[in-house]
Amino acid sequence: MAETTKTPVTILGLGAMGQALAATFLKAGLPTTVWNRTPGKDAELLAAGAVGAATVAEAIDADGPIIAVLLDHASVHATLDPVADRLAGRQLINLTSTAPNEARELAAWAARHDLHYLDGGIMAVPPMIGQPGASILYSGSRPVFDAHRDILELVAAAEYFGDDAGFASTYDFALLAAMYAMFGGFLHGAAMMRSVGVSAAEYGARAAAWVSAMTQSLPHQGAVIDSGVYTDPVQSIAFHKSALDAITRASRDANVTLDFVAPLKTLLDRQVADGHGALGFECTFEELR
Ligand code: FVH
């Protein structure tokens, strides 16, 4: 193993994600110190060679970057504020999900304490850590990213997006927004199919293939949005309004509530009422900003 991969790391937070990260570092032979607010979550990691810290202060006494994998912005402050005066000169890699301005606030807080701050948005679930397909988007301190890129790549593909600490988080949540809309649509469709006796698992298998095929058009739709030209559509807003009207009727027939479908229908209805029916579907983007 190359010497660079022996960098010691400290993990604060042993939820599902913190445990997955720590286990991957340990498997790669990194000296790994772990801490969790509630004791007892480190048993498997200690058995695998981790050093357990009883307090945050003890954890950050270990050398190397400090990796926070906590619940949210407030929990990062709750954990690090009490030891802020001991963090000068250290490197914090915050993989906790925080909103963009929360990440920027943490970067400013870190700067006030002479702490070097790198923010990361994890695009993976715990079982994906260390596997192909996992990625983490980073922004904030370039020197921290460059110094530790090799160990960050152990857990997920690592990509750096500049010194705005809030950028990675914006990208993270923009991708999650697309994911949650897709999941919401899946739940809606599963409820419709239940009304005709089809299992959610069977529907899920078919929906996966369909949604995968449909996502192929996203780069093209993005290019249309970037061009700002919506006058030569493959399918118009009026066409999609008609489809949403039909889905609404079909959902009512199946006694399925319209919670997931109604917001998009409302948007398309308004676009048509405003005279944009002949334009491309991508034009609805303009109303969202
Ligand atoms: N799990 C996932 O699929 C997602 C994938 C994308 C990124 N997220 C984010 O990663 C952060 C950690 O997620 P997690 O899955 O590890 O979350 P939990 O299993 O719920 O563990 C939460 C840990 O945070 C600790 N904690 C909570 N509040 C505090 C606090 N006030 N002070 C100190 N620690 C706190 C909690 O400790 P405990 O409850 O065991 O004492 C856990 O260690 C998260 O931002 C995801 O959005 C994961």
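Atoms within each ligand, like the ligands themselves, are counted from 1 in listed order. On a predicted model such as this, the values are computed, not experimentally measured, just so you know.
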Flag the pair R86 / D61 as yes when at least one side-chain heavy-atom distance between them is below 4.5 Å, and no otherwise.
-> yes

Closest heavy-atom approach to atom 45 (O) of ligand 1 among G18, S97, A134 is made by S97

Check G277 against S236 and note the closest heavy-atom contact, atom names and distance.
-> O-CB, 3.3 Å

Provide the number and element of each atom of ligand 1 under 4.0 Å from a heavy atom of P126.
-> 1 (N), 2 (C), 3 (O)

Thinking salt bridges, do D274 and R270 make one under a 4.0 Å N-O criterion?
-> no

Could you list which atoms of ligand 1 come closer than 4.0 Å to a heavy atom of T96?
-> 45 (O)

May I ask you to list the atoms of ligand 1 that are less than 4.0 angstrom from any heavy atom of I122?
-> 6 (C), 7 (C)

Do Q271 and E287 get their side chains close enough for a donor-acceptor pair, meaning under 3.5 Å?
-> yes

For ligand 1, is any non-hydrogen atom under 4.0 Å from T79's backbone (N, CA, C, O), its side chain (CB onward), both, or neither?
-> side chain

Any idea how H73 and H77 line up, ring-wise: parallel (<30°), tilted (30 to 60°), or perpendicular (>60°)?
-> perpendicular

F281 vs H240 aromatic rings, parallel, tilted or perpendicular, using cut-offs 30° and 60°?
-> tilted

Sub-3.5 Å donor-acceptor pair from the side chain of R90 to the main-chain atoms of G64, do we have one?
-> yes

Where's the contact between T98 and ligand 1, heavy-atom distance under 4.0 Å: side chain, backbone, both or neither?
-> neither

Could a heavy atom of A124 be found less than 4.0 Å from some atom of ligand 1?
-> yes

Centroid-centroid under 6.0 Å between Y203 and F186 rings | yes

Using heavy-atom distances, let me know which of L21, V69, L70, L95 sits nearest atom 25 (C) of ligand 1.
-> L70

for atom 38 (P) of ligand 1, nearest protein heavy atom and its distance come out as T38 OG1, 3.5 Å

What atoms in ligand 1 come closer than 4.0 Å to a heavy atom of L14?
-> 43 (O)

R37, H73, Q19, M17: member with heavy atom nearest to atom 32 (N) of ligand 1 | R37

Positive for side chain to side chain contact (heavy atoms under 4.5 Å, CB included) with L267, one of L288, I237, L244 = L288

for atom 19 (O) of ligand 1, nearest protein heavy atom and its distance come out as A16 N, 3.1 Å

Contacting atoms of ligand 1, where contact means under 4.0 angstrom from a heavy atom of G13 = 43 (O)

Lys/Arg N to Asp/Glu carboxylate O, R249 vs D245, below 4.0 Å | no

With a cut-off of 4.0 Å, which atoms of ligand 1 are near a heavy atom of V125?
-> 3 (O)

Not counting sequence neighbours, list each pair that qualifies as a side chain to side chain donor-acceptor pair (under 3.5 Å) and has a residue in residues 164-188.
-> R104-D164, H188-S251

Nearest protein heavy-atom contact for atom 21 (O) of ligand 1: which residue, which atom, what distance?
-> G15 CA, 3.3 Å

Classify the contact between K41 and ligand 1 as side chain, backbone, both or neither, using a heavy-atom distance cut-off of under 4.0 Å.
-> side chain

For atom 37 (O) of ligand 1, which candidate among L71, V76, N36 holds the nearest heavy atom?
-> N36

Does atom 14 (P) of ligand 1 have a protein heavy-atom neighbour under 4.0 Å away?
-> yes

